[in-house]
Amino acid sequence: MARVAGITIEKSPLGKPLFMRIDLRKYGKNSLIEDFYDIFLAEQRKNEETIPLEEVIKHQNKKRGIK
């Protein structure tokens, strides 16, 4: 497998790929990586309590002094 600067593949003791480490300073602006990271964050938060949109809008309007 060819080596790519800023990307490291970590393998199991049996030699099977387990992890891919990506240098986000180099590739962080790539839209596919941004999408993957967004999905990762959403998965982490999927069981968190939600707030109805109407409440968020009311709170933001109150914060800005809008009635």
Give every donor-acceptor pair under 3.5 Å between a side-chain atom in residues 46-54 and any protein atom, sequence neighbours left out.
unit_1	atom_1	unit_2	atom_2	d
Lys46	NZ	Glu43	OE1	3.3

- request: Can you see which heavy atom on Tyr27 is nearest to which on Ile7, and at what distance?
  value: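 Of all heavy-atom pairs spanning Tyr27 and Ile7, the closest is CE1-CG1, 3.8 Å.
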List for me each residue that meets side chain to side chain contact (heavy atoms under 4.5 Å, CB included) alongside [X], sequence neighbours excluded, and say none if there are none.
X	answer
Lys26	Ala5, Asp23
Arg64	Gln60, Ile66
Lys29	Glu34
Leu41	Tyr37, Gln44

Results of side chain to side chain donor-acceptor pair (under 3.5 Å) for Glu10 - residues two or more places apart only: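 Expected list: Arg21.
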message: What's the separation between atom CD1 in Ile33 and atom CG in Asp38, rounded to the nearest 0.5 Å?
response: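 These two atoms lie 12.0 Å from each other.
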message: Please say yes or no: joined through hydrophobic side-chain contacts below 4.5 Å, possibly via intermediate residues, are Ile22 and Ile9 part of one cluster?
response: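 Yes; Ile9 is reachable from Ile22 via cluster members.
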message: Hydrophobic clusters here meaning ILVMFWY residues chained together by side-chain heavy-atom distances under 4.5 Å, can you tell me if Leu32 and Met20 are in one?
response: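 Different clusters: Leu32 never reaches Met20 through Ile, Leu, Val, Met, Phe, Trp or Tyr contacts under 4.5 Å.
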